[in-house]
Amino acid sequence: MGNAEDFKNNVSSAWCPGCSNFGILSALRNTFVKLNLRQQDIVITSGIGQAAKLPHYLNCNVFNGLHGRILPVATAIKAVNPKLTVISVSGDGDIYGEGGNHLLHAFRRNPDITVLVHNNGVYALTKGQASPTTELGVKTKLQFDGVKEEPMNPLVLAIAMNCSFVARGFAGDLDFLSDIIVAGIIHRGFALIDIIQPCLTFGVHQVPWYKDKIYRLTKDYNPNDKEAALKKAAEDGDKIATGIFYVNNKPTFPDITVNLAQKPVIEKDVLKKLLKTFE
Amino acid sequence: MYKKSIIICGQAGQGIQTVCFILAKAIARSGYYVFAWQDFQSRIRGGESSSRLILSDEPVRSLPGEYDILASLNKTNTEMYLPLLKKDGIALAENETDKKFLSIPFQKFAMDIGENKIYTNAAAIGSIWGIVGLPIEKIEEVLKNEFTKKSENVANKNIAVAKYSYDWVQKNCSSCVQKIKIINDKPKMVMTGNEAISLGAIAADCRFMAAYPMTPSTGIITYLSETAHETGILTEQAEDEIASINMAIGASYAGVRSFTATSGGGFSLMVEGLALAAMTETPLVVVLGQRPGPATGLPTRTEQAELNFALNAAHGEFPRFIFAPSNPVEAFNLIIKAFELSQKYRVPAIVLTDQYLADSYWTVDDFDVNNIKINDYFTKPEEIKGEFKKYALTDDGISPRLKPGESEHLVVDDSDEHDQYGHITESSIIRKLMVEKRWKKYCLMVDEMRVIVPNDINESDVVLVSWGSNYGVTLKSAEILTSKGIKTVIINYSEIWPLKVPAVLLNRGRKFKIIVIENNFNGQFANLLEKEGVKIDNKILKYNGMPFTEDEITILISEKYGKR
Ligand SMILES: Cc1ncc(C[n+]2csc(CCOP(=O)(O)OP(=O)(O)O)c2C)c(N)n1
Ligand code: SF4
C-alpha cells in the first residue's frame with residue numbers, strides 16, 4: 001500500500017498560508033492511498049483559478065487546461081484510456097460560470113470522471129469578484145452595491161438533470177470529504193462533488209462559522225430517491241448537509257472500454273474496404 | 001475531349017441532390033469523370049437550388065459558364081437558370097407548354113409505372129440519362145445499390161420508372177439524344193471533399209473526432225460516425241465548438257491522433273483551444289471549412305476569406321501549419337500530412353477547405369493507399385534516462401513525448417507558462433527559453449512545405465497563382481488562355497504555411513505577369529506574397545458566394561493581356 005507522501009512533490013504552492021485548499025489537497029492524497037492507486041494511474045485535470053492550481057501540487061499525471069474548459073478535456077482523456085482514473089479540480093467560477101455549458105452536457109453524457117469543485121463563493125484568483133454561488137447582497141470591490149443575481153444551487157441543478165453522483169463536502173471535515181471522494185471515484189459515471197471551501201482572503205464566512213451548521217448525512221438517508229435528494233439539496237435553513245445526496249447508475253460515455261491509445265494502427269484493409277463503397 | 005454539362009434545378013426538399021448523386025455515380029461507373037457542385041440555399045424546403053454536373057472523358061474540376069442540358073424539377077424557378085443554357089442546349093421540364101422545353105410528365109411516369117409520386121425523381125434521372133446517351137444498365141446498377149438497402153421493391157420501382165422515362169426520351173426526342181459509349185476502365189470513385197478528408201483521417205490512424213455541426217464541415221463527423229463500427233474511431237457530437245476542440249486536445253494528450261472540424265463561426269469559438277494546443281505542445285488537426293462571412297454569412301455558399309484568420313487565430317505567438325487541399329486526392333494526402341507534421345512538431349495544423357471542395361462530388365481514380373507511411377512520434381518510456389521532462393529544452397525544440405499511464409513517467413501539461421517538467425512557472429528566464437523553444441521548430445517546419453513550379457514558367461506570358469480549391473478553375477483557364485495564344489502556367493498553393501516563395505517569383509527581371517485568383521475581397525493570399533516581396537501584377541477576386549467559372553477568368557485576362 002502506498003503512502004500519502006508519494007503524491008507530494010516539491011512544487012511550491014501559490015495559495016495563501018492557511019487556506020482551506022490545503023486541507024482538500026491532503027484529503028485527496030489520502031483518498032489515493034485508500035484506493036491503492038499508483039501515481040501513473042491518475043490524471044488530475046483542471047481549468048484556471050486558485051483551486052485549479054491543485055494538480056501541480058500532486059505527483060500524478062496532470063493536464064491543466066483553460067478557464068472553464070476542463071470537462072471536455074477530462075471526458076476525452078477517460079474515453080481514450082478508460083484505465084486511467086480521471087479527476088477534475090475546479091472552482092465555482094470555473095465550472096458553474098465560464099464552463100457552465102460543459103457541466104450541463106457532462107450530466108447528460110455521463111463520462112466516468114470525478115469533479116471536485118472548490119466552492120468558495122468568489123473569484124479568488126482575479127481578486128474577489130462575485131461568482132455564480134455568491135449570496136445575494138454580498139458586497140465586493142466590483143459588486144460594490146451588493147450582488148443582485150440569485151446564487152445558483154449546483155446540487156439541485158445536478159440532481160434535476162439526473163447527474164449520476166452528486167455530493168457535497170466540507171473543507172473543514174476532511175475525513176468525511178475523503179470518504180466522499182473515494183465513493184465518487186469508485187462510482188461508475190460522472191461524479192460532482194461540491195466542496196464548501198472557505199476563502200481566508202475574500203470569503204464571507206470562515207471555517208468556524210460553518211462548523212456549527214454543517215452536518216453529515218447518515219446511513220438512513222437514501223441517495224437513490226430523487227425526490228428526497230432534490231428536497232435535501234434545496235434546503236435553505238440553518239443547517240447545511242454534507243454527504244452523498246444522489247446516486248443514479250446509468251450508461252457512461254463512451255459505450256466502449258478499449259484503450260484507444262494502445263490499439264494497433266488501423267488496418268489498410270479496412271480503408272480499402274471503405275474505398276470500395278465509393279465505386 | 002468529350003464533355004457534357006447539366007444543370008438540375010428545383011426546390012430544396014425535392015431531392016435534387018439525390019438525382020445528382022445517382023447520375024454522378026452512374027457516370028463514374030461508365031468510366032467517365034464527373035464533377036458536381038451544389039448551389040443550395042440554407043433551407044430545408046422550397047427556394048431555388050441547383051446541382052451542376054459535368055461529365056467528361058478527362059478529369060473535371062471546374063464549372064463552365066454555359067450548360068448543355070437544363071433539367072427542371074420545378075416550374076417556378078426554371079426561368080432564372082435559362083440564361084445559363086447554351087444556345088443549342090436542351091431544356092427539359094415537367095408539363096411545360098413553352099416550346100423551348102422538352103415537356104416530360106415526370107410525375108405521371110412515377111404514378112403510372114411506380115404507382116407513387118415518390119418516384120418522380122427516378123423519372124427525372126431516367127430522362128436526363130436518356131439525353132446523356134449512356135446505356136441504362138449503369139443507372140439500374142446504381143439505383144439497385146442505393147435503394148436495395150431500403151427495400152428491394154423500392155429499388156425495382158425506381159429502376160422501372162427510370163427505364164420507362166429513358167426509353168420515352170429516346171423515342172420522343174431522338175434529335176436531342178447523342179449516344180455515347182461506356183469507357184471500360186478501372187471503376188472510379190465518387191466522393192465529396194469531406195469524405196476524402198474523413199478517409200485521410202482514417203488512413204492517418206486518427207482515433208478520436210469531436211465536432212459540432214456546421215456547414216460545410218458536417219459531412220466529416222457524419223461519415224466518420226457512419227463508419228465508426230468498421231474503423232474503431234470514437235466520434236462525439238460535442239455541445240459546442242469549444243468542447244469539440246478541448247475534447248480533441250484531451251484525446252491527443254491521452255495518446256491518440258485526434259481532430260475536429262468546423263466552419264468560420266465555430267472556429268471563432270475554438271481559438272482559445274488552438275492556443276491551448278500550442279502552449280501545451282499537443283498535436284491537433286483542425287479542419288476549417290470556409291464559407292462566406294462575417295457572422296452567419298451565406299451558410300451554404302463558398303468563399304476563401306479565412307486565410308488571414310487561420311494564420312492569426314488565437315492569442316500569443318506560436319508556429320502552425322496551414323494546408324488548403326484543392327481536390328479530394330490532395331485532401332486525402334494533406335490531412336495525412338497534417339496529422340504527421342502535427343505529431344512530429346507538436347504544433348497545431350489547420351486544413352482549410354471550402355464549400356466547393358467539401359460538398360461537391362468529385363471523381364477519384366485512386367488513393368495511393370499502399371504508400372501511406374504513418375510514423376510513431378512517441379518516445380519509448382524505456383528510452384527516457386532519468387526524470388521525464390515533457391518540455392525538455394532540445395536543439396530543435398522538439399521534446400520527448402509519452403502517453404499518461406503507460407509507464408511510471410508522469411506526463412504534466414499546463415496552459416500556463418511552464419518549466420521543463422510542465423509545472424506552472426512565472427520565471428522570466430524560463431519564459432524566454434520556452435518561447436524560443438516553441439519557435440525553434442519553425443525553420444524545420446518551412447522545409448516540410450512543397451510548392452510545385454512549372455518548368456516552363458520563364459517562357460510564359462502569365463502565371464496564374466491560386467490556392468486551395470481554385471486549382472481546378474485556374475488549371476482550365478490556363479489551358480484555354482494558352483490555346484488563345486496567351487501562354488499561361490499556374491502555381492497552386494495547397495501547402496500554405498509556413499509560406500514558401502519560389503525564387504522565380506521574386507525575380508525582378510521576369511517577363512511573365514503574376515495574377516492571383518482568390519475567392520475573397522482583399523486578395524489575402526496575394527497580400528501574403530507581396531509581404532514576402534513578390535510583385536503582384538493583378539488580382540482577380542470574387543466574393544459573391546459563387547465559385548469562379550472557366551469563362552470569367554479567361555475573358556478578363558484575354559481582354560487585358562491578349563495580343564491584339
Ligand atoms: C477565458 C478567461 N477568462 C477569464 C480568466 C480570468 N480568470 C482566471 S481565474 C478566474 C475565476 C476563478 O474563480 P474560481 O473558478 O471560483 O476559482 P478560485 O480562484 O476562486 O479558486 C477568472 C475570471 C481566464 N483565465 N480566462
Ligand atoms: S485567495 Fe482564498 S481560496 Fe485562494 S488561496 Fe487565498 S485563501 Fe485560498
Side-chain angles (χ1 to χ4, degrees), chain A residues 9 11 14 38-43 45 47-48 53 55-56 59-81 83-84 99 101-102 104-106 108-109 253-254 256 258-263 265-266 268 270-279, chain B residues 28-29 187-191 195 199 202-203 205-208 210 227 230-234 236 238-240 242-251 253-256 258 272-273 275-276 280 364 366-367 369-370 372 374 403-416 422-424:
Chain A
N9 62 17
V11 177
R38 296 176 302 173
Q39 301 159 347
Q40 73 189 71
D41 301 331
I42 307 167
V43 184
T45 64
I48 296 296
K53 287 178 184 161
H56 291 285
N59 222 10
C60 297
N61 296 297
V62 170
F63 193 96
N64 181 182
L66 299 169
H67 187 45
R69 310 299 169 197
I70 202 53
L71 291 182
V73 176
T75 299
I77 294 172
K78 181 71 185 182
V80 164
N81 185 353
K83 286 210 192 81
L84 295 168
N101 195 31
H102 307 307
L104 293 186
H105 296 279
R108 298 175 50 229
R109 188 176 282 122
F253 171 83
I256 51 161
V258 282
N259 182 342
L260 292 176
Q262 298 301 333
K263 260 178 74 173
V265 175
I266 298 176
K268 287 197 173 149
V270 172
L271 183 62
K272 286 180 183 165
K273 233 175 90 194
L274 291 176
L275 291 179
K276 274 265 164 227
T277 65
F278 288 93
E279 282 175 4
Chain B
R29 278 179 176 241
K188 294 179 186 4
M189 296 184 279
V190 174
M191 68 175 64
E195 286 164 339
L199 292 162
I202 295 167
D205 202 36
C206 168
R207 292 287 158 80
F208 184 89
T227 53
E230 284 131 280
T231 61
I233 293 179
L234 180 60
E236 177 65 353
E239 56 270 27
D240 56 32
I242 304 176
S244 311
I245 194 167
N246 278 282
M247 282 183 182
I249 290 170
Y253 165 82
V256 303
S258 64
E272 196 189 11
L276 175 65
T280 55
V364 174
D366 212 351
F367 292 130
V369 174
N370 291 327
I372 300 166
I374 302 302
K403 299 171 187 169
E406 184 188 28
S407 69
E408 37 189 60
H409 293 296
L410 300 177
V411 183
V412 179
D413 272 15
D414 191 3
S415 74
D416 295 273
H423 284 298
I424 183 167

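Each chain gets a letter, A, B and so on, in the order the sequences are listed, and its residues count up from 1. We use all heavy atoms of the structure for the numbers below, so side chains are in, but hydrogens, waters and symmetry mates are not.
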Verdict with reasoning, B:Glu406 to A:Gln40, per side chain to side chain contact (heavy atoms under 4.5 Å, CB included): CA-CA 8 Å; B:Glu406 184 188 28; A:Gln40 73 189 71; over 6 Å; no
Give the intermediate values and the outcome of side chain to side chain contact (heavy atoms under 4.5 Å, CB included) for residues A:Phe63 and B:Ile249. CA-CA 10 Å; A:Phe63 193 96; B:Ile249 290 170; 3.7 Å; yes
Using the side chain to side chain contact (heavy atoms under 4.5 Å, CB included) rule, take A:His102 and B:Ile242 through it: C-alpha gap first, then chi angles, then the decisive distance, then the call. CA-CA 9 Å; A:His102 307 307; B:Ile242 304 176; 3.9 Å; yes
Give the C-alpha distance, both sets of side-chain angles, the deciding distance and a yes or no for side chain to side chain contact (heavy atoms under 4.5 Å, CB included) between A:Val270 and B:Thr227. CA-CA 10 Å; A:Val270 172; B:Thr227 53; over 6 Å; no
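To the nearest 0.5 Å, atoms CG (B:Asp414) and NE2 (A:His56) are separated by 3.5 Å. Expressed to the nearest 0.5 Å, how far CD1 of A:Ile70 lies from CG of B:Asn246 amounts to 7.5 Å. The structure places CE of B:Met191 at 6.0 Å from CG of A:Leu275, a figure rounded to the nearest 0.5 Å. Separating the OG1 atom in A:Thr277 from the CD atom in B:Glu230 is a distance of 8.0 Å, to the nearest 0.5 Å. Of the inter-residue distances, the one linking B:Leu410 atom CG with A:Asn61 atom CG reads 5.0 Å to the nearest 0.5 angstrom. In this structure, B:Asp413 CG and A:Thr45 OG1 are separated by 12.0 Å, a value rounded to the nearest 0.5 Å.
Taking chain A as the reference chain and counting heavy-atom pairs below 4.5 Å, the highest number among B:Gly255, B:Ser258, B:Gly232, B:Gly250 is found for B:Gly250. Contact count versus chain B (heavy atoms, under 4.5 Å) is highest, among A:Leu271, A:Ile266, A:Asn81, for A:Ile266. Each of B:Ala210, B:Ser407, B:Gly422 has some count of heavy-atom pairs under 4.5 Å with chain A, and the biggest count is that of B:Ser407. Ranked by non-hydrogen atom pairs under 4.5 Å with chain B, the options A:Leu66, A:Leu84, A:Asp41, A:Ile42 are led by A:Leu66. Of all the listed residues (B:Ile233, B:Val364, B:Asp366, B:Leu199), the one sharing the greatest number of non-hydrogen pairs under 4.5 Å with chain A is B:Leu199.
The parts of A:Asn59 that come within reach of chain B are both its backbone and its side chain, each placing non-hydrogen atoms under 4.5 angstrom from that chain. In this structure, the portion of B:Thr280 lying under 4.5 Å from any heavy atom of chain A is its side chain and not its backbone. Residue contact with chain A, scored on non-hydrogen atoms closer than 4.5 Å, involves the backbone and the side chain of B:Ala203 alike. B:Ile372 touches chain A through backbone and side chain together, each having a heavy atom under 4.5 Å away. Interface remark: B:Ser244 contributes no atoms to any contact with chain A (heavy atom separation under 4.5 Å).
Between B:Ile424 and A:Lys53, the closest heavy-atom pair is CD1-CE, 4.3 Å. Between A:Val80 and B:Ala254 the shortest heavy-atom distance is CG1-CB, 3.7 Å. The two residues A:Val43 and B:Pro404 have their closest heavy-atom pair at CG2-CB, 4.3 Å. Closest approach of B:Ala243 to A:Pro72, counting heavy atoms only: O-CB, 3.5 Å.
Remark: the A:Asn101 side chain and the B:Asp240 side chain contain an N/O donor-acceptor pair separated by less than 3.5 Å. Remark: the A:Lys272 side chain and the B:Asn370 side chain contain an N/O donor-acceptor pair separated by less than 3.5 Å.
With a 6.0 Å radius and a threshold of 12 heavy atoms from other residues, nucleotides or ligands, A:Lys83 has its NZ atom at or below the threshold.
For B:Arg207 (side chain) and A:Lys263 (main-chain N/O), a donor-acceptor pair under 3.5 Å exists by modelled atom type. Judged purely by atom type and a 3.5 angstrom limit, B:Asp205 has no side-chain atom pairing as donor or acceptor with the backbone of A:Val265. No donor-acceptor pair closer than 3.5 Å links the side chain of B:Tyr253 to the backbone N or O of A:Val73. In terms of modelled atom types and a separation under 3.5 Å, the side chain of B:Lys403 and the main chain of A:Ala261 share a donor-acceptor contact.
Taking the side chain as every heavy atom from C-beta outward, A:Ile48 and B:Ser415 approach each other to under 4.5 Å. Looking at B:Glu408 and A:Arg38, their side chains never come closer than 4.5 Å, going by heavy atoms from C-beta outward. Looking at heavy atoms from C-beta onward, A:Phe278 lies out of side-chain contact with B:Lys188 at the 4.5 angstrom threshold.
Partner of B:Glu239 under the side chain to side chain donor-acceptor pair (under 3.5 Å) criterion, out of A:His105, A:Arg109, A:Arg108: A:Arg109 alone.
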